2 protein chains.
Amino acid sequence: MKKRQNVRLKDIADALQTSVSTVSRALKNHKDISTEMKEKVHKKAKELNYFPNIFAQGFRKRRTHLIGVIVPNLTHYYTSTILEGVLEETENRGYHPIIMGSKDSYEKQIELLNMMLHLGVDGILLSLTRNTHNIDKIIQYIEEVPLVLFDKVSRKVPCTQIIIDEEEAAYKAVKHLIDLGRKRIAIFKETNDSFNSLKRYEGYLRALKTHQLPFDESLVLSSQYIPLDQGKILAEQILQNPIKPDAVFCITDNCAVGALQTFKKNKLKVPEDIAIVGFSNSMSSQIVEPQITTIDQPGTKVGKTAVTYLVDEIDNPKKGFMDYKTVELKTHLIVRASTKKEANF
Amino acid sequence: MKKRQNVRLKDIADALQTSVSTVSRALKNHKDISTEMKEKVHKKAKELNYFPNIFAQGFRKRRTHLIGVIVPNLTHYYTSTILEGVLEETENRGYHPIIMGSKDSYEKQIELLNMMLHLGVDGILLSLTRNTHNIDKIIQYIEEVPLVLFDKVSRKVPCTQIIIDEEEAAYKAVKHLIDLGRKRIAIFKETNDSFNSLKRYEGYLRALKTHQLPFDESLVLSSQYIPLDQGKILAEQILQNPIKPDAVFCITDNCAVGALQTFKKNKLKVPEDIAIVGFSNSMSSQIVEPQITTIDQPGTKVGKTAVTYLVDEIDNPKKGFMDYKTVELKTHLIVRASTKKEANF
DNA sequence: ATTACACCCGCAAACGTTTGCGTAAACTCA
DNA sequence: TGAGTTTACGCAAACGTTTGCGGGTGTAAT
């Protein structure tokens, strides 16, 4: 392993019989430098394959071009599509992402935020862990470094937030079921209302209300987390109801898959007896039988948008809280077999 | 946003009426410093919440504690489990991962390697893109910085490689089919043999040979990539065979799911008429009907192991190529309904 | 011819840390 | 007691870049 011998400003300066400062300025097109000199420097820099030592730079300018990214979990498909967007856009903009996982632990999340600060990142992209109730600490960080929330957000945190149109998406999903003639539409959601779950529930309620369907509390089932297995449990549960639902809106694809399996096990036909809508357009929703109608989320776009806003804030530091925006990206409904029309209602 | 005002060595030195160099040495337990002084310094450092400016450090020492990670794609479940392992282990060891995606493009991969070098990472973790035939460039990088390959590797590159026991895993999978009494076992694999595909094919061959089953070329189907849709196509293809197979080993879960769907569509019963084994233990393999027998890969362990070996190499630079190891992590077979015994053979 | 003012460029300090070297004080041993 | 050695610390340079400032040259206006 050779010792890396990077070329420095001084090397360019020597080759051109000029000074380091002139080279430095020329490379960033400072107005004090003549056009010819700039050309010579740029040419020589390319020739020598010059690349600035980012540590000297970061050291000097207090800019590292590093962006910290914290997510609760890496393995969810939606998260990884977001991260792909982040990777792409950070690269476009000359930044580098440092990704860390909070494992859905609030303490770990704080610890990671700390670490990022010490690392000297220029900004942070954060998707909150469940139960991030103590917002104060997070707010402290906003004082220290530009921060943009995405996916799992909280309106209580005064900063830019990139999300999808959760409420509208849920509304569309439930409206679709209503349009199909379904009357008793259940919802499977989270108990301790995360931002996402809450908004989707609101969309559900609005759809019922707008179409004059009665609200029935016995059709609202919740559990703390809603992975596949919980979908099964909730499905079993709702089948105990004296009057069964004719459709169910699951706020997660995994949950929907679980529900589907349970319904099938109980000899219920999907969608004839009961229709199902999920949320995420995960791989799972496409390979089960029948395929599940779901909401497609523009993951990479969320990632790219988050980077865009963060970098913008890094470049133009905000003065007050009033500058922050909540950006809602459009989703769309993908209709599949789990809600096909040919049901006879 | 306050300007970050980090405490420096000088602040500690001033508070203690001593010099910066003494503080620096005390903090890293240099032998030239008396025990009492060390204690005082450590205490004061904690009190002031001192944290070294890593850019000054990296600048000075040419050590950044950054580890570059390059993967072809973020969205594969197996990849994200590996990355979780990487995140965890880098953190344990005081390093920070910079993750980038090569989008399965060779040129992009080289570009990213370059970027990583300029960024000054201490080491690189790399999962090769398809068609990385020009190994020379990669080898050049080994001269510059410690590099460890994982998952998608190539034996031609002289460096430490962390993989799973691909050949053995495939052998186990196929042996399992043979033990079930299956005689005509097909394999769906990649055409342009990637390391993984090749090894799995070798395992397939060994299983046949060991159990005195005849090799039948018409049972070996390949395509360039093998996502879900290709599974379907290959399945259609093999059904054209005059004598149909009674089992198929897909070197990918996605491919297996596709095959399963096609077989079902053609009124073939799985596993009665045809058994299926996949590879990866992805979510998909667990939610289709019937569930698919597959190979479980220890993703996070691969990630953690890769970091372990890389950090070890960073700390103790290798002299020659003979020091490099290939680490094979154990997988195990998960038997599910797609290969259940009750078939009547 | 003098002044005024761009226009270009170089000097040198500064960022925070590490480290080779120098040395005063303390200790060792004959 | 004096020479040699060890202990414990400080001085200052160095890493590569940025940037305030100062100055020399040339041009234009008076």
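Keep in mind the model is a prediction, meaning the values are calculated, not measured. Per chain, numbering begins at 1; letters A, B, ... match sequence-line order.
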Classify the side chain of [X] and the base of [N] as holding, or not holding, a donor-acceptor pair under 3.5 Å.
{"X": "B:Ser21", "N": "D:dC11", "answer": "yes"}
{"X": "B:Arg25", "N": "D:dG10", "answer": "yes"}
{"X": "A:Asp32", "N": "C:dC9", "answer": "yes"}
{"X": "B:Arg60", "N": "D:dG16", "answer": "no"}

Separation of [N] [atom2] from [X] [atom1] (nearest whole Å):
{"X": "B:His30", "N": "D:dA8", "atom1": "NE2", "atom2": "C1'", "value": "11 Å"}
{"X": "B:Asn29", "N": "C:dT18", "atom1": "CG", "atom2": "P", "value": "13 Å"}
{"X": "A:Lys10", "N": "D:dT17", "atom1": "NZ", "atom2": "C1'", "value": "14 Å"}
{"X": "B:Ile12", "N": "C:dG16", "atom1": "CD1", "atom2": "P", "value": "13 Å"}
{"X": "B:Arg8", "N": "C:dT18", "atom1": "CZ", "atom2": "C1'", "value": "16 Å"}
{"X": "B:His65", "N": "C:dT17", "atom1": "NE2", "atom2": "P", "value": "14 Å"}
{"X": "B:Leu27", "N": "C:dT19", "atom1": "CG", "atom2": "C1'", "value": "15 Å"}
{"X": "B:Leu16", "N": "D:dA8", "atom1": "CG", "atom2": "C1'", "value": "15 Å"}

Can you see if the side chain of [X] gets near the phosphate of [N] - specifically, an N or O under 4.0 Å from OP1 or OP2?
{"X": "A:Arg63", "N": "D:dT18", "value": "no"}
{"X": "A:Gln57", "N": "D:dT18", "value": "yes"}
{"X": "A:Lys31", "N": "C:dC7", "value": "no"}
{"X": "A:Ser19", "N": "C:dG10", "value": "yes"}

Look at the side chain of [X] and decide which nucleotide, out of [options], has an atom nearest to it.
{"X": "A:Lys61", "options": "C:dC9, D:dT18, D:dC15", "result": "D:dT18"}
{"X": "B:Thr22", "options": "C:dT18, D:dG10, D:dG16", "result": "D:dG10"}
{"X": "B:Ala56", "options": "C:dT17, C:dC9, D:dC9", "result": "C:dT17"}

Residue pair A:Ser105 / A:Ser102, side-chain donor-acceptor N/O under 3.5 Å: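 No, because no side-chain N or O of A:Ser105 sits under 3.5 Å from a partner of the opposite role on A:Ser102.
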Side chains of A:Asp122 and A:Thr64, donor plus acceptor under 3.5 Å: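 Yes, A:Thr64 and A:Asp122 have a side-chain donor paired with an acceptor closer than 3.5 Å.
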Sugar-phosphate, base or nothing in reach of A:Ser24, heavy atoms under 4.0 Å: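 Answer is base: heavy atoms of A:Ser24 come under 4.0 Å of a base.
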Sugar-phosphate, base or nothing in reach of B:Ser34, heavy atoms under 4.0 Å: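 Sugar-phosphate, backbone atoms only, no base.
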Quick check: does any side chain N or O of [X] sit under 3.5 Å from a backbone N or O of [Y], one acting as donor and the other as acceptor?
{"X": "A:His96", "Y": "A:His65", "value": "no"}
{"X": "A:Ser24", "Y": "A:Val20", "value": "no"}
{"X": "A:Thr22", "Y": "A:Thr18", "value": "no"}

Beyond-backbone contact of B:Arg93 with B:Thr308, side-chain heavy atoms, under 4.5 angstrom: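 They are in side-chain contact.
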Side chain to side chain, A:Val153 and A:Ile162, heavy atoms closer than 4.5 Å: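 A:Val153 vs A:Ile162: side chains apart.
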Reported CG-to-CG distance for the pair B:Leu126 and B:Leu113, which is rounded to 0.5 angstrom: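 Here the rounded value is 5.5 Å.
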Distance (rounded to the nearest 0.5 Å) between A:Glu89 CD and A:Glu84 CD: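 CD of A:Glu84 is found 13.5 Å from CD of A:Glu89.
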Interface residues of residues 36-53 of chain A with DNA chain D (non-hydrogen, below 4.0 angstrom):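 Going residue by residue through residues 36-53 of chain A, the ones with a heavy atom under 4.0 Å of DNA chain D turn out to be A:Tyr50, A:Pro52, A:Asn53.
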Minimum-distance pair of heavy atoms, taken over all atoms of A:Leu128 and A:Ile138: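 What the structure gives for the nearest pair is CD2-CD1, 4.2 Å.
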Divergence of helical axes at both termini of the helix from C:dA1-D:dT30 to C:dA30-D:dT1 - five pairs an end, 10° steps: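 Axis-to-axis angle, ends of the helix: 50°.
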Parallel, tilted or perpendicular, as decided by the 30° and 60° cut-offs, for the rings of B:Phe55 and A:Phe55: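 Plane angle under 30°, so parallel.
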